[in-house]
Trainee: 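Have a look at the structure that comes next, please.
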2 protein chains.
Amino acid sequence: MVRISSTDRRSALIDAALRVIGRDGIHAATTRAIVAEADMSLASFHYVFQSRDDMMHGLVASLIETQTLAALASITETTDIHRALRLGLQAYFEVLVAHPQHEQALMELLLYSLRSDDLADLPRQQYARYHSAVAELLVAAASSARVSWTRPVADIARTIVCITDGVTLAWLADRDAEASARVLDFAADSLAVLTRPLDAEHHNPERVHTP
Amino acid sequence: MVRISSTDRRSALIDAALRVIGRDGIHAATTRAIVAEADMSLASFHYVFQSRDDMMHGLVASLIETQTLAALASITETTDIHRALRLGLQAYFEVLVAHPQHEQALMELLLYSLRSDDLADLPRQQYARYHSAVAELLVAAASSARVSWTRPVADIARTIVCITDGVTLAWLADRDAEASARVLDFAADSLAVLTRPLDAEHHNPERVHTP
DNA sequence: GTCTATAATGGGATAGAC
DNA sequence: GTCTATCCCATTATAGAC
């Protein structure tokens with residue numbers, strides 16, 4: 001009976017939808033399940049959203065806006081780039097283990113979006129955002145550790161996203177935390193090789209980026 | 001009107017289900033869509049399968065049986081392990097680009113299985129099979145190239161599966177083939193480092209596996 | 001074994017009172 | 001703006017004739 005603004009309802013329903021998807025999967029995220037989770041009537045749903053697909057679009061768009069990749073942010077606080085990469089990847093993994101439903105929900109939404117005409121543009125934006133966010137972290141970490149990257153940062157960022165996605169899928173499938181940690185450590189080893197000290201004592205005429 | 005054996009019907013329906021999932025996604029793989037694809041009646045479906053979930057279990061189990069990872073098999077035909085890794089990963093990527101629906105269907109089935117009580121054991125089996133299949137290829141390739149791996153083959157196999165899965169997701173999202181190829185090439189570079197020649201001229205006392 | 005017909009359920013969306 | 005009640009369709013599964 002209380003009147004709630006349209007925007008508040010929108011975000012409340014989007015939050016509820018995300019909880020339902022995380023808990024029960026995207027196929028269980030019916031309009032009825034969502035309004036039950038948000039404790040609203042079905043009609044309220046259709047007052048603020050034209051359709052279920054309209055809500056899904058809002059949900060994915062909101063995720064793209066707000067995803068922060070906070071876990072990897074610890075990467076910037078260091079003077080040792082190898083250690084920074086390792087800790088950043090480990091931090092991501094800890095978030096995954098703590099909230100597997102969240103990562104699984106993101107995967108389900110990605111695959112769902114790829115099937116929908118309305119949402120088809122969003123996966124590209126989502127990954128562009130992942131890549132640029134990780135690239136920013138890589139630049140900050142390199143600067144803080146006084147090194148430069150020897151390959152384009154965009155490529156390294158994409159590699160990191162590929163590795164975290166791949167580790168996520170494998171861990172969701174078999175829950176082998178030790179094996180997943182070894183993959184991440186190997187990734188950190190391999191990526192750390194792609195740096196060179198910024199303030200070398202002797203002049204180094206090589207190009208920063210490989211040709 | 002023609003009588004078909006139960007087992008033939010089963011496999012025909014499973015094939016049809018896989019085609020529907022590949023074309024339209026797992027949420028579109030209703031019993032009706034599947035029997036239409038297989039050109040059967042709805043009742044025939046329930047004659048051979050107790051329920052839709054029963055069929056899904058048969059589908060995933062059959063995929064686990066038959067998946068061959070043929071693409072990576074080209075990895076074994078070489079004397080240069082770095083080249084072998086690169087070609088193997090590139091071959092996988094070509095299969096992905098040629099049949100993206102197939103890889104997407106596998107991802108959807110994985111996430112679907114993780115949500116279902118009946119199918120919850122299958123993802124673990126699926127990834128165990130991936131890992132052992134890749135491990136076998138790695139052993140064969142190393143033998144053919146007269147090198148040995150300096151880390152446990154199981155870990156390297158898992159790394160490769162993580163990379164291919166991650167590259168698959170990213171490419172499905174943004175279809176950037178060049179960037180994906182650079183990630184795979186970097187992976188080949190990094191993995192090739194984990195080998196040492198088998199028939200070194202001088203005796204090398206170090207352990208084969210890192211401690 | 002195979003079919004048509006239908007039961008039973010769940011879901012998206014809307015009408016219309018308040 | 002918010003609610004209840006309802007329409008209408010798709011879906012799973014089964015019944016029962018042949």
Side-chain angles (χ1 to χ4, degrees), chain A residues 1-60 105 108-109 112-113 115-119, chain B residues 1-60 105 108-109 112-113 115-119:
Chain A
M1 211 51 161
V2 179
R3 297 210 172 183
I4 303 176
S5 78
S6 224
T7 53
D8 284 353
R9 248 183 219 291
R10 277 182 70 93
S11 52
L13 283 166
I14 283 175
D15 284 355
L18 199 51
R19 285 198 299 278
V20 172
I21 295 172
R23 193 177 58 233
D24 304 319
I26 196 163
H27 76 280
T30 65
T31 55
R32 295 180 134 89
I34 293 165
V35 298
E37 175 77 22
D39 199 27
M40 288 186 200
S41 74
L42 187 55
S44 298
F45 181 99
H46 284 286
Y47 185 78
V48 290
F49 292 113
Q50 203 174 5
S51 69
R52 182 175 174 278
D53 267 14
D54 183 25
M55 187 275 299
M56 282 292 181
H57 194 285
L59 167 57
V60 178
E108 290 174 349
L109 280 168
Y112 179 83
S113 299
R115 296 288 188 187
S116 153
D117 288 343
D118 280 356
L119 310 179
Chain B
M1 214 50 163
V2 178
R3 299 208 170 185
I4 303 175
S5 78
S6 226
T7 53
D8 284 355
R9 251 185 216 288
R10 276 184 71 93
S11 53
L13 284 166
I14 283 175
D15 283 357
L18 197 53
R19 285 198 300 277
V20 172
I21 295 172
R23 193 177 58 233
D24 303 321
I26 195 163
H27 77 281
T30 65
T31 55
R32 298 181 123 86
I34 293 164
V35 298
E37 177 76 22
D39 198 28
M40 289 185 199
S41 74
L42 187 53
S44 298
F45 182 99
H46 285 285
Y47 185 79
V48 289
F49 292 113
Q50 201 174 9
S51 68
R52 181 174 175 278
D53 265 15
D54 183 26
M55 186 275 300
M56 281 291 180
H57 194 286
L59 168 56
V60 177
E108 289 173 350
L109 280 168
Y112 179 84
S113 300
R115 295 291 187 186
S116 154
D117 289 342
D118 280 354
L119 311 179

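By convention in this document, chain letters (A, B, ...) are assigned in the order of the sequence lines, proteins followed by strands, and residues within each chain are numbered from 1.
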Trainee: Would you please confirm or rule out a distance under 4.0 Å between OP1 or OP2 of C:dT2 and any side-chain N or O of B:Arg9?
Mentor: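 Indeed, a polar side-chain atom of B:Arg9 lies that close.
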Trainee: As an exercise, state the distance from CZ of B:Arg9 to CD1 of B:Ile4, rounded to the nearest 0.5 Å.
Mentor: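 Interatomic distance, B:Arg9 CZ to B:Ile4 CD1, rounded to 0.5 Å: 4.0 Å.
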Trainee: If you take all heavy atoms of A:Arg10 and A:Gly58, which pair is closest and at what distance?
Mentor: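 What the structure gives for the nearest pair is NH2-CA, 4.4 Å.
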Trainee: Okay, side chain of A:Ser116, backbone of A:Ser113: is any donor-acceptor separation there less than 3.5 Å?
Mentor: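 It does not hold such a pair.
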Trainee: Mind calculating the distance between CG (B:Asp54) and P (D:dT14) to the nearest angstrom?
Mentor: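 Whole-Å distance recorded here is 12 Å.
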Trainee: Whole Å only: how far is the CZ atom of A:Arg3 from the P atom of C:dC18?
Mentor: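 It works out to 16 Å between those atoms.
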Trainee: Over how many whole Å does the gap from B:Leu13 atom CG to C:dT2 atom C1' extend?
Mentor: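 Atom CG in B:Leu13 sits about 13 Å away from atom C1' in C:dT2.
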Trainee: With sugar-phosphate meaning primed atoms plus P, OP1 and OP2, does A:Ser41 contact a base, only sugar-phosphate, or nothing at under 4.0 Å between heavy atoms?
Mentor: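 Since a base atom lies under 4.0 Å of A:Ser41, the category is base.
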Trainee: Got a donor-acceptor contact below 3.5 angstrom from the B:Arg115 side chain to the A:His27 backbone?
Mentor: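 Pair absent, no side-chain N/O of B:Arg115 close to backbone of A:His27.
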Trainee: Does D:dG1 have OP1 or OP2 sitting under 4.0 Å from an N or O in the side chain of A:Tyr47?
Mentor: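 Result: yes.
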Trainee: Could you check whether any side-chain N or O of B:Glu37 sits under 3.5 Å from a backbone N or O of B:Val20, counting only pairs where one atom can act as donor and the other as acceptor?
Mentor: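 Answer holds: no.
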Trainee: What integer distance in Å separates A:Ile4:CD1 from D:dC3:C1'?
Mentor: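 Atom-to-atom, A:Ile4 to D:dC3, this comes out as 13 Å.
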Trainee: Supply the atom-to-atom distance A:Leu42 CG to A:Ile34 CD1, rounded to the nearest 0.5 angstrom.
Mentor: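 Result: 10.0 Å between the selected atoms.
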Trainee: List, with names and distances, any nitrogen or oxygen atoms from the protein found under 3.5 Å away from nitrogen or oxygen atoms belonging to nucleotides 11-13 of chain C.
Mentor:
| residue | atom | partner | partner atom | Å |
| --- | --- | --- | --- | --- |
| C:dG11 | N7 | A:Arg32 | NH1 | 3.4 |
| C:dG12 | OP1 | A:Thr31 | N | 3.2 |
| C:dG12 | OP1 | A:Arg52 | NE | 3.3 |
| C:dG12 | OP2 | A:Thr31 | N | 2.8 |
| C:dG12 | OP2 | A:Thr31 | OG1 | 2.2 |
| C:dG12 | N7 | A:Arg32 | NH1 | 2.6 |
| C:dG12 | O6 | A:Arg32 | NH1 | 3.3 |
| C:dG12 | O6 | A:Arg32 | NH2 | 3.4 |
| C:dA13 | OP2 | A:Arg52 | N | 3.0 |

Trainee: Counting just side-chain N and O atoms, does A:Ser6 come under 4.0 Å of either OP1 or OP2 of D:dG1?
Mentor: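 Result: no.
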